[in-house]
Amino acid sequence: MLDAGHGPNTIGKRTPDGKMKEFEFNEAVAQFVKNELTGFELIIMNCHDKKRDVPLKERTTLANKMGVDAFISIHANAYGTTWNNASGIETFTYTNPSEQSVILAKLIQNSLCSITGRSNRGVKKADFAVVRDTRMPAVLVECGFMTNKHEAILLQSIEYRRRCAKATAFAILCWIDQKR
């Protein structure tokens, strides 16, 4: 299950200049990931909606009800609300993650950093609802900082979005392969 983090109407989740809402990046990458995985005999579902902000509880409940194999929440990061030098990619698991969540997180983190050339902020643990309340391997990935002028430009480009999607799809396929 792919989750384009937040929603189209989430206030405050945008670049400091207001040129891009975070959901625009998240949703585009989620769609590109879905497209990348087409043809691999996988069922890819989304738990977000282009027209409304889907509550976190609704997202995790759907994933658990559907019994999906993995939950990947796609985001663009921010540090404060003004331009700054925070940069790079990081991937989160729950504070007490399953072994498979850690494996998936490492694969996604390494793939994203390799393909995008952005700095590696590492795999981290956090008490985010989407990784805490799901009963399957779950990760939340931050693909760059909206509050960094250079990364904000990247996050708005179709090429960077495609790279993030290719990296994420590749990592998902590697994760599936290692489970066999």
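Just so you know, these numbers use all the heavy atoms, side chains as well, and skip hydrogens, waters and symmetry mates.
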Approximate separation, where rounding is to 0.5 Å, of T95 OG1 and D127 CG: 5.5 Å
Joint cluster assignment, L140 & L62, ILVMFWY side-chain distance < 4.5 Å: yes
Atom CZ of F128: over 12 foreign heavy atoms under 6.0 Å: yes
Among residues two or more places apart or on two chains, list those pairs meeting ring-ring contact (aromatic ring centres under 6.0 Å, His included) that have a residue in residues 55-81. H6-H75
Pairwise distance CD(E24) to NZ(K19) - rounded to 0.5 angstrom: 12.5 Å
Tell me which donor-acceptor pairs under 3.5 Å the side chains of residues 86-94 have, and how far apart each pair is, sequence neighbours excluded?
residue	atom	partner	partner atom	Å
E90	OE1	R121	NE	3.1
E90	OE1	K124	NZ	2.6
E90	OE2	N77	ND2	2.7
T91	OG1	Q109	OE1	2.7

For residues S73 and D3, report the shortest heavy-atom separation together with the two atoms involved. OG-OD2, 2.6 Å
To check you understand the geometry: which heavy-atom pair defines the closest contact between I74 and C143, and what is its length? CG2-SG, 4.5 Å
Verify the cluster assignment for L37 and I176: are they in a single hydrophobic cluster under the rule of side-chain heavy atoms below 4.5 Å apart? yes
Under 4.5 Å between side-chain heavy atoms, hopping through other hydrophobics if needed: is there a path connecting I115 to F145? no
Evaluate the side-chain proximity of F23 to K13: yes if any heavy-atom separation is below 4.5 Å, no if none is. no
Would you say that more than 12 heavy atoms from the other residues, nucleotides or ligands in this model lie under 6.0 Å from the CG of D17, or not? yes
Supply the atom-to-atom distance I44 CD1 to I172 CD1, rounded to the nearest 0.5 angstrom. 6.5 Å
Would a 4.5 Å heavy-atom cut-off, applied to side chains only, mark C164 and L112 as touching? yes
Determine whether more than 12 heavy atoms belonging to other residues, nucleotides or ligands lie under 6.0 Å from atom NZ of K50. no
When you look at NZ of K106, are more than 12 heavy atoms from neighbouring residues, nucleotides or ligands closer to it than 6.0 Å? no
Give me the atom names and distance for the closest heavy-atom approach of N9 to K51. ND2-O, 3.7 Å
Might you point out which heavy atoms bring G5 and R59 nearest each other, and give the distance in Å? CA-NH1, 4.0 Å
What I'd like to find out is whether the side chain of L154 reaches to under 4.5 Å of the side chain of R118, using heavy atoms alone. yes
Heavy-atom donor-acceptor pair, E36 side chain to K166 backbone, under 3.5 Å: no
Does some side-chain heavy atom of L2 sit less than 4.5 Å from a side-chain heavy atom of K34? yes
Joint cluster assignment, I11 & M20, ILVMFWY side-chain distance < 4.5 Å: no
If you round to the nearest 0.5 Å, how far is OG1 of T10 from CD of E22? 8.0 Å
Could you grab the distance from atom CG of N35 to atom CZ of R162, nearest 0.5 Å is fine? 8.0 Å
Are V33 and L173 in one and the same hydrophobic cluster, where Ile, Leu, Val, Met, Phe, Trp and Tyr link if side-chain heavy atoms are under 4.5 Å apart? yes
Would a distance-only check, ignoring hydrogens and angles, find a side-chain to backbone donor-acceptor pair under 3.5 Å from S111 to I108? no
Indicate every side-chain donor-acceptor pair of residues 63-70 with a distance under 3.5 Å to a residue at least two apart or in another chain.
residue	atom	partner	partner atom	Å
N64	OD1	R135	N	2.8
N64	ND2	T60	O	3.2
N64	ND2	D133	O	2.9

For P97 against V102, the heavy-atom pair lying closest together: CG-CG2, 3.6 Å
Between E27 and R161, is any pair of side-chain heavy atoms under 4.5 Å apart? no
Are the side chains of W175 and Q100 in touch, meaning some heavy atoms are under 4.5 Å apart? yes
Straight-line distance of H48 NE2 to M1 CE, nearest 0.5 Å: 10.5 Å
Can you confirm whether I158 sits close enough to F32 that some side-chain heavy atom of one is under 4.5 Å from a side-chain heavy atom of the other? yes
So which heavy atom on T147 is nearest to which on T82, and how close? CB-O, 3.5 Å
Indicate yes or no: at least one non-hydrogen side-chain atom of L155 is less than 4.5 angstrom from one of T15. no
